[in-house]
S.K.: 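Okay, handing you the structure first.
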Amino acid sequence: MIRLDEINQAQARIAPYLTPTPLEAAAGLGKDVWLKLENINKTHSFKIRGALNALLSLGEKARERGVIAASSGNHAGALAYAAQLSGVSAQIFMPKTTPQKKIANVRHCGAEAILFGDNYDEAESEALRRAGNPRVWISPYNDRAVIAGTGTIGLEILDQLPEVARVIIPVSGGGLMAGVATALKLRKPEIDIIGVNARSAPALYNIFYSRHLPQVWDTLADALSGEIEVGSITLPICLRHMDDIALVDEAGIAAAMRAMLAAGWVVEGGGAVGVAALLGNVSRAANGATVVVLSGGNVDLSVLRRVLSPHLKWRGG
């Protein structure tokens, strides 16, 4: 399990580089619902927290070796930015289907973006094969320092809204959930933690409910794609702290993205699944305030055009 002191240390470590992201009331989503705006964080994603904490935690020899990672976008951009800040060389494997905006963000920060494979799992497999020769592997989720960095979101939520009763969190590999849920549950055990999987990548939903739903690669929630790495430390943490998990489909994700645009925020598909859950199959009523984590805002214009044209059917269904 991740310890609370690890998250507190991460908060102190990254504080000189990042400011807390705000909470904004979301009147259209029900009474006392708030949005945690990670989409306006540095690199427009929560991922910068974990990436920066991981790189700042490296010893001198590891820093000299450089780092290697795989990502469908947000971890890549965050790690590239963190590497630039900390003076560490970074090499990042990205699926060929990664949105051009995310590839450009990596290269703009001076990191090496290598396009490999047709999906995240293929890119990750190749990056893992090359890891250690000599670069240090930095997982987007299966890493204590990365998880502790994401846990700072939970600390901020409790500082900003002490009366919070429920937090809704996007889930894929579980790094965000593991960090935030740990911080929340260790500080306020009675809080209700709800995870949300995209129907396209239902790995944790399948485990939680003993289901066997298949993965689909063509999705608006590209940042949530991929299976959970075998032996990942995120899985037992999520299963210990998460109270429930919901599943949302492509139509629901598109509707959530449109709702966020109407509220003035660009939110990518994977970042909007919590909103999709409230618009769909998760009750808007709670025993107190609800916070929905908007985990990212990196989305290509081509995807936005499709989302804003409901009559154009998204291929993912």
Side-chain angles (χ1 to χ4, degrees), residues 2 6-7 9-10 12-14 16-18 42-43 45-98 100 102-152 172-176 178-179 223 225-235 237 298:
I2 301 296
E6 292 178 81
I7 300 174
Q9 290 165 11
R13 194 175 287 123
I14 68 177
Y17 304 92
L18 304 176
K42 294 287 182 66
T43 73
S45 165
F46 79 95
K47 290 285 189 180
I48 185 58
R49 297 173 183 265
L52 190 55
N53 188 52
L55 292 198
L56 293 175
S57 300
L58 291 176
E60 190 58 37
K61 290 185 178 179
R63 289 168 57 86
E64 292 173 358
R65 290 165 58 193
V67 298
I68 186 170
S71 173
S72 56
N74 286 337
H75 179 59
L79 194 65
Y81 183 76
Q84 184 182 56
L85 283 180
S86 55
V88 176
S89 170
Q91 185 180 79
I92 303 165
F93 282 75
M94 309 178 78
K96 296 175 184 177
T97 54
T98 301
Q100 289 300 312
K102 296 181 181 182
I103 298 169
N105 287 344
V106 168
R107 291 173 174 161
H108 178 74
C109 290
E112 182 182 5
I114 299 175
L115 302 185
F116 186 93
D118 294 324
N119 55 56
Y120 172 77
D121 287 351
E122 292 179 5
E124 182 184 62
S125 178
E126 179 64 14
L128 282 168
R129 188 182 70 81
R130 300 196 195 190
N133 189 30
R135 295 178 180 273
V136 177
W137 169 252
I138 304 291
S139 171
Y141 57 90
N142 188 19
D143 182 289
R144 293 189 74 89
V146 169
I147 295 170
T150 65
T152 60
S172 180
L176 176 62
S225 61
E227 294 289 344
I228 300 175
E229 185 178 337
V230 175
S232 174
I233 62 174
T234 60
L235 185 55
I237 299 172
N298 291 303

S.K.: Taking T234 for the side chain and G173 for the main chain, is one N or O donor matched with an acceptor at less than 3.5 Å?
M.R.: yes

S.K.: What are the two closest heavy atoms between A90 and A83, and how far apart are they?
M.R.: CB-CB, 3.8 Å

S.K.: Do R130 and F93 have side-chain heavy atoms sitting under 4.5 Å apart?
M.R.: yes

S.K.: Of all the heavy-atom pairs spanning S86 and L56, show the shortest one and how long it is.
M.R.: CB-CD2, 4.4 Å

S.K.: Between I138 and H75, is a side-chain contact (heavy atoms from CB on, under 4.5 Å) present by the stated rule, with each step listed?
M.R.: CA-CA 10 Å; I138 304 291; H75 179 59; 4.0 Å; yes

S.K.: If you look at every heavy atom in I92 and A76, which pair is closest and at what distance?
M.R.: CD1-O, 3.3 Å

S.K.: Please confirm whether the backbone N or O of I14 pairs with a side-chain atom of R49, one donor and one acceptor, at under 3.5 Å?
M.R.: no

S.K.: Say whether T43 and S45, considering side chains only, have a donor N or O and an acceptor N or O under 3.5 Å apart.
M.R.: no

S.K.: To the nearest 0.5 Å, how far apart are CG in D118 and OG1 in T97?
M.R.: 7.0 Å

S.K.: Rounded to the nearest 0.5 Å, what separates atom CG in N142 from atom CH2 in W137?
M.R.: 9.5 Å

S.K.: I need the I237 CD1 to L235 CG distance, nearest 0.5 Å.
M.R.: 9.5 Å

S.K.: I want to check something: taking the side chain as every heavy atom from C-beta on, are V146 and S139 in contact at a cut-off of under 4.5 Å?
M.R.: no

S.K.: Taking atom CG of L85 and atom CG of L52, what is their separation to the nearest 0.5 Å?
M.R.: 6.0 Å

S.K.: With a 4.5 Å limit on heavy-atom distance, are the side chains of Y141 and S172 in contact?
M.R.: no

S.K.: Look only at the side chain of R13 and the backbone of N53, and say whether a donor-acceptor pair between them is shorter than 3.5 Å.
M.R.: no

S.K.: Indicate yes or no: does R129 engage E126 in a salt bridge with an N to O separation below 4.0 Å.
M.R.: yes

S.K.: Would you say L58 and R65 make side-chain contact, with heavy atoms under 4.5 Å?
M.R.: no

S.K.: Before you tell me yes or no, could you show the steps for L79 and V106 under side-chain contact (heavy atoms from CB on, under 4.5 Å), namely the whole-Å CA-CA distance, both residues' side-chain angles and the distance that decides it to 0.1 Å?
M.R.: CA-CA 8 Å; L79 194 65; V106 168; over 6 Å; no

S.K.: Could you grab the distance from atom OG1 of T150 to atom NZ of K47, nearest 0.5 Å is fine?
M.R.: 8.0 Å

S.K.: Taking all non-hydrogen atoms of both residues, which atom of A127 and which atom of A70 are closest, and how far apart?
M.R.: CB-CB, 4.0 Å

S.K.: Compare all side-chain heavy atoms of K102 with those of S71 and state whether any distance is below 4.5 angstrom.
M.R.: no

S.K.: What is the distance from atom CG of L176 to atom CZ of F46, rounded to the nearest 0.5 Å?
M.R.: 4.5 Å

